[in-house]
Engineer: 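Take this structure, written in structure tokens, and hold onto it; I'll ask about it next.
Please read all numbers here as calculations on a predicted model, not as lab measurements.
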Amino acid sequence: MDEVQAKKLVETYSDMILRIGLHYFGQVCDAEDICQNVFLKMIREKRLFDSPEHEKAWIIRVTINECKNRLRSSYYRKTVRLEDCADLPEPFIENEKSGVWQAVRDLPRNYRLSIYLYYYEGYSAGEIGKMMGKNENTVAAYLSRGRKKLRRILEEEESKGGHEYAR
């Protein structure tokens, strides 16, 4: 598919795809993500259609499937719209004062992220692996090593009188 054909597809179908996405999600940003996914699928698959009606029907079906897949995804099920969180306090204000939270923040990135997603957000090692693009066993190793490092850091601070992470 060349640039002219791609541009024609976007001009012809983007409004329809966005409207379908808005009906599913009620948010422009999610609808735009769906629109992008549908066009990428079209470009990658390089389908040939019998007629413009066949093309439009296929695009509608793919759009609906993309919306349903997103609704079923663990990411979407565990997120909340920003508008729904307006009254909540800023995140981590209380946790930032905790010695454990400070120690977690000092871990290497993969350990820190794995521990945060596992303990603070409640994701499984498999789900974290998908998010990070890592194998589930790799994430399990990050968690294990991160816990060991964390224990060591906290024990060292405890033996020093707990000053650095007690603030």
Engineer: Taking the side chain as C-beta and beyond, is there a heavy-atom pair between Tyr13 and Cys35 under 4.5 Å?
Structural biologist: no
Engineer: Is any side-chain heavy atom of Ile34 closer than 4.5 Å to a side-chain heavy atom of Ile20?
Structural biologist: no
Engineer: Measure the CE-OG1 distance between Met16 and Thr63 for me, rounded to the nearest 0.5 Å.
Structural biologist: 5.5 Å
Engineer: Applying side chain to side chain donor-acceptor pair (under 3.5 Å), can you list everything that pairs with Arg44, at least two apart in sequence or on another chain?
Structural biologist: none
Engineer: A side-chain contact here means heavy atoms from C-beta on lying under 4.5 Å apart; do Thr12 and Lys8 qualify?
Structural biologist: yes
Engineer: Please check if atom OH in Tyr118 has more than 12 non-hydrogen atoms from other residues, nucleotides or ligands closer than 6.0 Å.
Structural biologist: no
Engineer: Treat each ILVMFWY residue as a node, draw an edge where side-chain heavy atoms are under 4.5 Å apart, and state whether Trp58 and Val10 are in one component.
Structural biologist: yes
Engineer: If Ile, Leu, Val, Met, Phe, Trp and Tyr residues are connected whenever their side-chain heavy atoms lie under 4.5 Å apart, and connections chain through other members, are Leu71 and Ile17 in the same group?
Structural biologist: yes
Engineer: I'd like to know if Tyr111 and Met131 are part of one continuous hydrophobic network [Ile/Leu/Val/Met/Phe/Trp/Tyr, side-chain heavy atoms within less than 4.5 Å].
Structural biologist: yes
Engineer: Which pairs pass salt bridge (Lys or Arg N to Asp or Glu O under 4.0 Å) with one or both residues in residues 127-140, sequence neighbours excluded?
Structural biologist: Lys78-Glu127
Engineer: Can you give me the closest heavy-atom contact between Ala31 and Gly21, atom names plus distance?
Structural biologist: CB-C, 3.7 Å
Engineer: Look up atom NE2 in His54 and atom CG in Leu48, then write down how far apart they are to the nearest 0.5 Å.
Structural biologist: 10.0 Å
Engineer: May I have all residue pairs that pass salt bridge (Lys or Arg N to Asp or Glu O under 4.0 Å) and include part of residues 23-33, sequence neighbours excluded?
Structural biologist: Asp30-Arg70, Asp33-Arg70
Engineer: Locate the shortest heavy-atom distance separating Phe25 from Cys67; write the atom from each residue and the value.
Structural biologist: CZ-O, 3.6 Å
Engineer: Report all side-chain donor-acceptor pairs from residues 139-152 shorter than 3.5 Å, counting only partners two or more places apart or in another chain.
Structural biologist:
from, atom 1, to, atom 2, distance (Å)
Tyr142, OH, Asn110, ND2, 3.2
Arg147, NH1, Tyr119, OH, 2.8

Engineer: Using 0.5 Å steps for rounding, measure from the CZ atom of Arg61 to the NZ atom of Lys56.
Structural biologist: 15.0 Å
Engineer: Taking only residues two or more places apart in sequence, or in another chain, which ones meet Glu155 in a side chain to side chain donor-acceptor pair (under 3.5 Å)?
Structural biologist: none
Engineer: Just to verify, what does Arg19 make a side chain to side chain donor-acceptor pair (under 3.5 Å) with, not counting sequence neighbours?
Structural biologist: none
Engineer: Working to the nearest 0.5 angstrom, can you tell me the gap between Arg112 CZ and Ser114 OG?
Structural biologist: 10.5 Å
Engineer: Checking side-chain contact (heavy atoms from CB on, under 4.5 Å) between Val38 and each of Val62, Ile64, Asn65, which is the one that passes?
Structural biologist: Val62
Engineer: Is a side-chain donor or acceptor of Ser159 paired with a backbone partner of Glu156 at a separation under 3.5 angstrom?
Structural biologist: yes
Engineer: With a 4.5 Å limit on heavy-atom distance, are the side chains of Tyr24 and Glu66 in contact?
Structural biologist: no
Engineer: State the CD-CG distance between Gln5 and Leu9, to the nearest 0.5 angstrom.
Structural biologist: 7.5 Å
Engineer: Starting at CZ of Phe49, measure out to CE of Met42 and round the result to the nearest 0.5 Å.
Structural biologist: 4.0 Å
